[in-house]
Amino acid sequence: MKLLPGVYQVAGPNVSHSFDATAYLLPAGDSLYLIDCGTPEGFAQIVDNIRSLGFDPSRLARIYATHGHYDHVGAAGLFAQAFGTQLYVHALDREQVETGDSERTSASLLYGASFPPTPVHGVIAQDDAFATDAGSWTILHTPGHSPGSCCFALDHAVGMRLLIAGDTLHGGYSPLIGSDEAAWRESLRRLTSLHFDCYTLGHTPPLLLCDADRRIASVVQSFANYYTPWFKDFVRTYPY
């Protein structure tokens with residue numbers, strides 16, 4: 001699904017497998033990049049989605065991770081095997097991905113799965129930048145949901161500023177995955193000090209939310225006001 005010129009959503013609810021977080025395809029000259037890449041369960045459908053948009057998956061050069069969780073980068077090893085795609089993750093989430101820590105990556109906690117140990121080819125950090133056909137991207141390190149959580153800010157060639165928020169907005173909280181409330185509050189404070197025209201997040205059908213500055217400020221108002229212990233995972237059946 002085309003969200004903006006040069007930005008396509010290829011994974012997520014109603015797009016690939018129900019386990020998959022959102023993933024975005026970014027043409028970059030002769031290469032293709034992904035921001036996140038979904039789970040092994042969704043891998044085949046994501047590849048089909050890329051082909052259906054008219055792109056050759058063999059051009060997939062890099063995956064940039066919003067963070068090191070199963071629903072976001074569980075399929076990275078399959079992309080590496082099939083296409084030689086390299087995975088880039090923030091250093092603070094690197095170990096759990098490379099060792100296959102199924103708890104820390106949320107694989108066993110939410111999906112009843114094991115995280116396949118996956119090589120990380122490079123690390124990303126605050127203010128790192130890269131270019132695609134859509135424009136210039138800047139990485140924002142936004143720890144809280146996980147220590148290595150990142151957002152991606154695009155200064156689009158058409159003049160819009162887009163935020164891909166991953167799970168920094170609306171993500172779940174648990175000490176088992178390294179969540180840190182104080183760090184998260186600071187990350188959210190920094191996001192509200194920046195300007196975005198639109199944003200999208202880690203678990204949604206294809207959409208762009210406009211009036212982004214006010215929307216993000218409203219989300220931040222509700223952060224950690226009242227934790228719920230009744231969150232349902234994605235692997236068991238709940239009759240009610």
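Both L53 and L34 are assigned to one and the same hydrophobic cluster, defined by single-linkage of ILVMFWY side chains at heavy-atom distances under 4.5 Å. Under the 4.5 Å side-chain heavy-atom criterion for ILVMFWY residues, a single connected hydrophobic cluster contains both L32 and V73.
Between Y64 and Y88, the ring planes lie tilted relative to each other; the angle falls in the 30° to 60° range. Ring geometry for F19 versus H17: interplanar angle over 60°, hence perpendicular rather than tilted (30 to 60°).
Between the side chain of N49 and the main chain of V15, a donor-acceptor pair closer than 3.5 Å is present. Between the side chain of D133 and the backbone N or O of G6 there is no donor-acceptor pair closer than 3.5 Å. A donor-acceptor distance shorter than 3.5 angstrom exists from the side chain of S146 to the backbone of S149, with no hydrogens or angles considered. T138 places no side-chain N or O within 3.5 Å of a backbone atom of D127 that could act as its donor or acceptor partner. S218 places no side-chain N or O within donor-acceptor distance of the main-chain N or O of R215, the cut-off being under 3.5 Å. At least one donor-acceptor pair under 3.5 Å links the side chain of H90 to the backbone N or O of L92. Under the 3.5 Å distance criterion, the side-chain polar atoms of S187 are matched with a main-chain donor or acceptor of P143. Between the Q9 side chain and the L3 main chain, no donor and acceptor come within less than 3.5 Å of each other.
Using modelled atom types, one finds no donor on one side chain facing an acceptor on the other under 3.5 Å when comparing W184 with S179. Inspection of the Y24 and T22 side chains reveals an N or O donor paired with an N or O acceptor under 3.5 Å. Side chains of T39 and D20: a donor-acceptor N/O pair is present below 3.5 angstrom, by distance only. At a cut-off of 3.5 Å, with distance as the only test, no side-chain donor of H156 or D197 sits close to an acceptor on the other residue.
Here the OG1 atom belonging to T228 is positioned 8.5 Å from the OH atom belonging to Y226, to the nearest 0.5 angstrom. Here CG of L208 is found 13.5 Å from CZ of F196. Values are rounded to the nearest 0.5 Å. We find the CG-OG distance between L154 and S136 to be 8.0 Å, quoted to the nearest 0.5 Å. The distance from the OH atom of Y199 to the CZ atom of R161 is 15.5 Å, given to the nearest 0.5 Å. Here the CZ-CZ distance, from F152 to F130, works out to 5.5 Å after rounding to the nearest 0.5 Å. Between the CG atom in L176 and the OG1 atom in T105 there is a gap of 11.5 Å [rounded to 0.5 Å].
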Run the numbers on V47 and F79 for side chain to side chain contact (heavy atoms under 4.5 Å, CB included), then give the verdict.
CA-CA 9 Å; V47 172; F79 279 97; 4.1 Å; yes

Just do the side chain to side chain contact (heavy atoms under 4.5 Å, CB included) check on V235 and L110 with the steps written out, would you?
CA-CA 7 Å; V235 65; L110 296 182; over 6 Å; no

Step by step, work out the side chain to side chain contact (heavy atoms under 4.5 Å, CB included) result for Q126 and I139.
CA-CA 6 Å; Q126 173 69 29; I139 294 169; over 6 Å; no

Under the side chain to side chain contact (heavy atoms under 4.5 Å, CB included) criterion, do Y238 and D233 qualify, and how do the steps go?
CA-CA 9 Å; Y238 295 83; D233 60 37; 3.3 Å; yes

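No side-chain heavy atom of D101 sits less than 4.5 Å from a side-chain heavy atom of E95. In this structure, the side chains of P5 and M160 stay at 4.5 Å or more apart for every pair of heavy atoms. Looking at Q81 and L78, their side chains come closer than 4.5 Å, going by heavy atoms from C-beta outward. For the pair T168 and L140, the minimum side-chain heavy-atom distance is 4.5 Å or more. Taking the side chain as every heavy atom from C-beta outward, L191 and V220 never approach each other to under 4.5 Å.
No more than 12 heavy atoms of other residues, nucleotides or ligands lie within 6.0 Å of CE in M1, so this atom counts as exposed by the packing criterion. Other residues, nucleotides and ligands contribute over 12 non-hydrogen atoms within 6.0 Å of the CD atom of E186.
Partner of H203 under the ring pair (Phe, Tyr, Trp, His ring centres under 6.0 Å) criterion, out of H72, H69, H170: H72 alone. Among T200, L201, L169, the single residue meeting the side chain to side chain contact (heavy atoms under 4.5 Å, CB included) criterion with L209 is L201.
Between H141 and H67, the distance separating the two ring centers is not shorter than 6.0 angstrom.
A salt bridge does not link R59 to D56: none of the charged nitrogens lies less than 4.0 Å from a carboxylate oxygen.
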